[in-house]
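Here's the structure we're looking at; comments come further down.
We name chains A, B, ... by the order of the sequence lines, and we start the count at 1 in each one.
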Protein chains: 2
Amino acid sequence: MVQAALKKADTESLANFTPRQNAVLEKALGLLVKGGDRALTTARIARAANCSKESLYKWFGDRDGLLAAVVTYQASKVRAPGSGQLPETAEAFRAQLTGFAFDLLSVLSGDVSLALNRLAIGQASKDDAQLGRLVLERGRKVIGLRAGTLLEAGRQRKFIQYDDQQAAFRTLYGLIIRDFHVRQLLGDALDARESDFETQASSAIDQFFKLYGPDKNRAREISQT
Amino acid sequence: MVQAALKKADTESLANFTPRQNAVLEKALGLLVKGGDRALTTARIARAANCSKESLYKWFGDRDGLLAAVVTYQASKVRAPGSGQLPETAEAFRAQLTGFAFDLLSVLSGDVSLALNRLAIGQASKDDAQLGRLVLERGRKVIGLRAGTLLEAGRQRKFIQYDDQQAAFRTLYGLIIRDFHVRQLLGDALDARESDFETQASSAIDQFFKLYGPDKNRAREISQT
DNA sequence: GCCGAACCGTACCGTACGGTACGATTGTGA
DNA sequence: TCACAATCGTACCGTACGGTACGGTTCGGC
């Protein structure tokens, strides 16, 4: 609901880039997904996008600027999924959490996400880790915000309870993602059961409610640490 | 405390490499940790290790073989911590789980681990992802085995209960690591609370027991999914 | 119809790196 | 002492890439 507007901007002022530049970045993204950062050379991008290397340097400064632009472009494309309206019933709350878990699993397992994270992680060994910060800022943080508002809504309506929202979110994240992300980043493939994101998501949310759900018929000892 | 044995094998037959080769690989590891894969050129390794490039190629074939050797070398150094003896009391079991969690957090947050994972992930976009498979095989799998025997011991003694050991392990892993690993891979720094691995570990194990612990005074509804 | 800006395609430059070749050095067994 | 193997240090080669330069083309404003 926060990001209501800004929906028509598909070929327009997407993240301060011109349409032409967005088209180039889209091609670059395609190259990255297809062949990894090794394939993301200025010459190849220029060839794929039918533009000149000179234009690339004029628009993005240097190669690092171009990589940053690719990340920014992708981030501007997805935009935080508009999290609908906040839930009023316990069932709706659980459903929204499960939807969040499903979305998270789907997004992080996507080709584009994996390619961008690989790129940023590969560069993160450098001194500055600029790309890594960008990915965290434009990707992770947005996810955290969406989950945060959702969790807070659930807490205020007594569907769950916690003292530390950050800690609750990190637990939720861990229950959902487990070791899937890093394994996939390393090139591992998920097996059939793991690829059933619906089941995985609902299982994770079940566990989350066991940890943070309201005390019904069980002893009250919810995380004092 | 767990890794008692295997301490003298420092300059000896570590993973089928000669002592000289191990020394070279150690230098290479140092370069990698210090400067990332960008710094891991054959010329630099040769210079740092006072050996000739010709020897590098003779010993390891090509650059990829050298990188694989670095991974193998590091894996051979740590060796699965011999998981001591299996626990006989619930307290001992919890303590061992907490120790496992602490070790896992410490290892994955270490310079060497982060550098190697960054290297493998950066290369994983290539066609084969050979390094990624190697890291998974020599790193992840060993951890899974240690945890697996520990979990199984606890289950047989009724300290915990589960149907699917794989699923239980992945939950344990998620509760321990949360989003720490990927964040650190991306160059993010853990804040003070997150860096307190003892507290993090014991908190994660608390949560794990809430999900998989024996039914004491609470409703019996342990994960049927 | 003319002008200038933006841009394309291509050629070009310097450098860094993977990989190879070779003479010099060291150490070891007969 | 000699021969031989292993290795070192260095020089060398080809290639790929980041970055620049330049002539030709398109296109909007006047």
Seminar exercise, completed: All heavy atoms of B:Phe169 vs all of B:Gly144, minimum pair found to be CZ-CA, 3.8 Å
Exercise. Which whole-number value in Å describes the distance from B:Lys27 NZ to D:dC8 C1'?
Worked result: 16 Å
Exercise. Is the count of non-hydrogen atoms from other residues, nucleotides or ligands lying under 6.0 Å from A:Glu198 atom CD greater than 12?
Worked result: no
Exercise. Taking the nucleotide of DNA chain C with the closest heavy atom to each, which residue, B:Thr41 or B:Ser52, is nearer the 5' end?
Worked result: B:Thr41
For this session: Select one nucleotide: of D:dG19, C:dC8, C:dG18, the one nearest the side-chain heavy atoms of A:Arg20.
Result: C:dC8
For this session: Write down the distance between CZ (B:Arg38) and P (C:dC17), rounded to a whole number of angstrom.
Result: 9 Å
Problem set entry | A:Trp59 side-chain N/O to C:dA6 phosphate OP1/OP2 under 4.0 Å | no
For this session: Calculate the interatomic distance between B:Asn50 atom CG and C:dT25 atom P; express it in whole Å.
Result: 17 Å
Problem set entry | A:Gln184 side chain near A:Leu190 side chain, heavy-atom distance below 4.5 Å | yes
For this session: Using a heavy-atom cut-off of under 4.0 Å over every strand shown, decide if A:Lys53 touches base, sugar-phosphate, or nothing.
Result: base
Exercise. Just checking, any donor-acceptor pair under 3.5 angstrom between side chains of A:Tyr212 and B:Gln207?
Worked result: yes
Exercise. Within this structure, what is the CG-to-P distance between A:Leu67 and D:dC17, rounded to whole angstrom?
Worked result: 14 Å
Exercise. Using a cut-off of less than 4.0 Å, is there contact between a side-chain N or O of A:Ser55 and OP1 or OP2 of C:dC7?
Worked result: no
For this session: To the nearest Å, give me how far apart CG (B:Asp64) and C1' (C:dG18) are.
Result: 11 Å
Seminar exercise, completed: From the candidates D:dG18, D:dC8, C:dG9, the one with an atom nearest any side-chain atom of A:Arg63 is D:dG18
For this session: Take the protein atom OH of A:Tyr57 and the nucleotide atom P of C:dC8, then report the distance between them rounded to whole Å.
Result: 15 Å
Exercise. Where each residue is assigned the nucleotide of DNA chain C containing its nearest heavy atom, which of B:Leu40 and A:Ala49 is assigned the position nearer the 5′ end?
Worked result: A:Ala49
Exercise. Quick one: is C:dA16 close enough that its OP1 or OP2 comes under 4.0 Å of any side-chain N or O from B:Arg44?
Worked result: no
Seminar exercise, completed: A:Asp37 atom CG is separated from D:dA16 atom P, nearest whole Å, by 17 Å
Seminar exercise, completed: Quick note, B:Glu54 side chain, CB onward, closest among D:dG9, D:dG19, C:dG19 is D:dG9
Seminar exercise, completed: Heavy atoms of B:Leu29 and B:Leu116 approach each other most closely as CD1-CD2, 4.1 Å
Exercise. So what does B:Arg47 touch, heavy atoms closer than 4.0 Å: a base, only the sugar-phosphate, or nothing?
Worked result: nothing
For this session: Find the distance A:Ile45:CD1 to D:dG19:P and express it as a whole number of Å.
Result: 11 Å
